[in-house]
Amino acid sequence: MFVLGITGGIGCGKSTFSNFFREAGVKVVDADAISHVVTAVGGSALDELRLCLPATCFQADGSLDREQVAALVFNDKTLLDQISLIIHEQVINEIQKEVEAAKQASLPLIVLDVPLPVQHGFLDLSDFVLVIWANEDVRIERLQQRGLAKLAAKQRIACQMTKEEYAKLANLTIDNSVDLAALKQKFSEFVEQELNSRGIFL
Ligand SMILES: CC(C)(COP(=O)(O)OP(=O)(O)OC[C@H]1O[C@@H](n2cnc3c(N)ncnc32)[C@H](O)[C@@H]1O)[C@@H](O)C(=O)NCCC(=O)NCCS
Ligand SMILES: Nc1ncnc2c1ncn2[C@@H]1O[C@H](COP(=O)(O)OP(=O)(O)OP(=O)(O)O)[C@@H](O)[C@H]1O
């Protein structure tokens, strides 16, 4: 089975690119979605998170209050790293399970959509790392359209690796500072050049 790791900074278009695979029937594992599950009611990361976050960061039902936490951690790198470690452990467990299940099911391809390219549970699992990138002004505009304030978008970008740091980890970087039709075209070229050439057909 071929494991395609897709990563990139916030608002660069990883989920949009991963969705092209989903539409083609490919199994896609979404790390952000898993991180939401493990911090929702009864989530496996909550007990540990309660030890390092104030009570105001939790809803009455015990789940994480994402807005409160975001307001706190994207201003405080130490706390961000602390909660990220706790959540990543649970997310990585789930990703490993999904990859194992896909292997058991003899799937030819699985896609991992992961914003933060950690070594264990992403880079070490991926046969090919694809970075989706876009210019900062384009990202901020798209994130604003999605409802994130400009300042909050800039704050998150500042917490993440730079384009150059992402590129160092990548087998290939695709520029998504283009419209959706052009991105779809780049997807088709990627499939032909990097997957079909390896005997993988969607
Ligand atoms: C702070 C939280 C509660 C804010 O939740 P919110 O619903 O607003 O955002 P969401 O989780 O959907 O993430 C959206 C994007 O924010 C960026 N982001 C999230 N966590 C981080 C982080 N630790 N460092 C840098 N950027 C991050 C990513 O680009 C991500 O795609 C949440 O992001 C969180 O728990 N982060 C720590 C865990 C983590 O690293 N998750 C991301 C990958 S598993
Ligand atoms: N080529 C494009 N043209 C127009 N809008 C786009 C394009 N690519 C992505 N978008 C939009 O930009 C926003 C960010 O894209 P997307 O959610 O795919 O990014 P992401 O990298 O997964 O972000 P996040 O890190 O927040 O999960 C979305 O609202 C998406 O619909």
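Atoms within each ligand, like the ligands themselves, are counted from 1 in listed order. Counting begins at 1 with the first residue of the sequence.
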What do we get for Thr39 next to ligand 1 when only non-hydrogen atoms under 4.0 Å count, side chain, backbone, both or neither? neither
Ignoring hydrogens and angles, tell me if any N or O in the side chain of Ser63 forms a donor-acceptor pair with the backbone of Gln59 under 3.5 Å. no
Less than 4.0 angstrom from a charged side-chain N to a carboxylate O is my criterion; do Lys27 and Glu98 meet it? yes
Can you name the closest pair of heavy atoms from Ala170 and Thr173 and give their distance? CB-OG1, 3.9 Å
Taking only heavy atoms of the protein into account, state which residues are under 4.0 angstrom from an atom of ligand 2, in chain and number order. Gly9, Ile10, Gly11, Cys12, Gly13, Lys14, Ser15, Thr16, Asp32, Arg142, Arg146, Asn176, Val178, Asp179, Leu180
Taking atom 22 (C) of ligand 1 as the reference point, the nearest protein heavy atom with its distance: Leu116 CD1, 3.5 Å
When you measure from atom 43 (C) of ligand 1 to each heavy atom in Ala153, Ser35, Ala31, Pro115, which option holds the nearest one? Pro115
Number the atoms of ligand 1 from 1 as they appear, then name those within less than 4.0 Å of a heavy atom of Val73, with their elements. 1 (C)
Donor-acceptor pair, Arg198 side chain versus Glu194 backbone, under 3.5 Å? yes
Side chain of Asn176, backbone of Ala134: donor and acceptor closer than 3.5 Å? no
Can you get from Ile87 to Ile34 by hopping between Ile, Leu, Val, Met, Phe, Trp and Tyr side chains that sit under 4.5 Å apart? yes
Kindly confirm or rule out an N or O of Arg66 lying under 3.5 angstrom from an N or O of ligand 1. yes
Met1 CE to Ile200 CD1 distance, which is reported to the nearest 0.5 Å: 10.5 Å
Heavy atom of the protein closest to atom 42 (C) of ligand 1 (residue, atom name, distance): Asp32 OD1, 3.5 Å
Counterpart residues, ring pair (Phe, Tyr, Trp, His ring centres under 6.0 Å), relative to Phe190 (two or more places apart): Phe128
Looking at His36, which atoms of ligand 1 are within less than 4.0 Å of one of its heavy atoms? 7 (O), 10 (P), 11 (O), 12 (O)
Starting from atom 36 (N) of ligand 1, what is the nearest protein heavy atom, named by residue and atom, and what distance separates them? Ile83 CD1, 4.5 Å
Quick one: does any side-chain atom of Thr7 pair with a main-chain N or O of Val114 as donor and acceptor, under 3.5 Å? yes
Ion pair check, Lys168 and Glu164, cut-off under 4.0 Å: no
Is a side-chain donor or acceptor of Lys14 paired with a backbone partner of Asp113 at a separation under 3.5 angstrom? no
Regarding Gln104 and Glu100, is there a side-chain donor-to-acceptor distance under 3.5 Å anywhere? yes
Show which atoms of ligand 1 fall inside a sub-4.0 Å distance from at least one heavy-atom site of Leu80. 22 (C), 23 (N), 24 (N)
Among His88, Lys14, Gln68, Arg156, the residue with a heavy atom nearest to atom 39 (C) of ligand 1 is His88
Could you tell me the residue and atom name of the protein heavy atom closest to atom 20 (N) of ligand 1, and the distance to it rounded to 0.1 Å? Phe74 CZ, 4.0 Å
What is the nearest protein non-hydrogen atom to atom 26 (N) of ligand 1, stated with its residue, atom name and distance? Gln160 NE2, 2.9 Å
If you measure from each non-hydrogen atom of Ile34 to ligand 1, which part falls under 4.0 Å: side chain, backbone, both or neither? neither
For atom 23 (N) of ligand 1, find the nearest protein heavy atom and state the residue, atom name and distance (0.1 Å precision). Ser84 OG, 2.8 Å
Residues Glu94 and Gln90: side-chain donor-acceptor under 3.5 angstrom: no
Please state which protein non-hydrogen atom is closest to atom 38 (C) of ligand 1 and give its distance, to 0.1 Å? Ile87 CD1, 3.8 Å
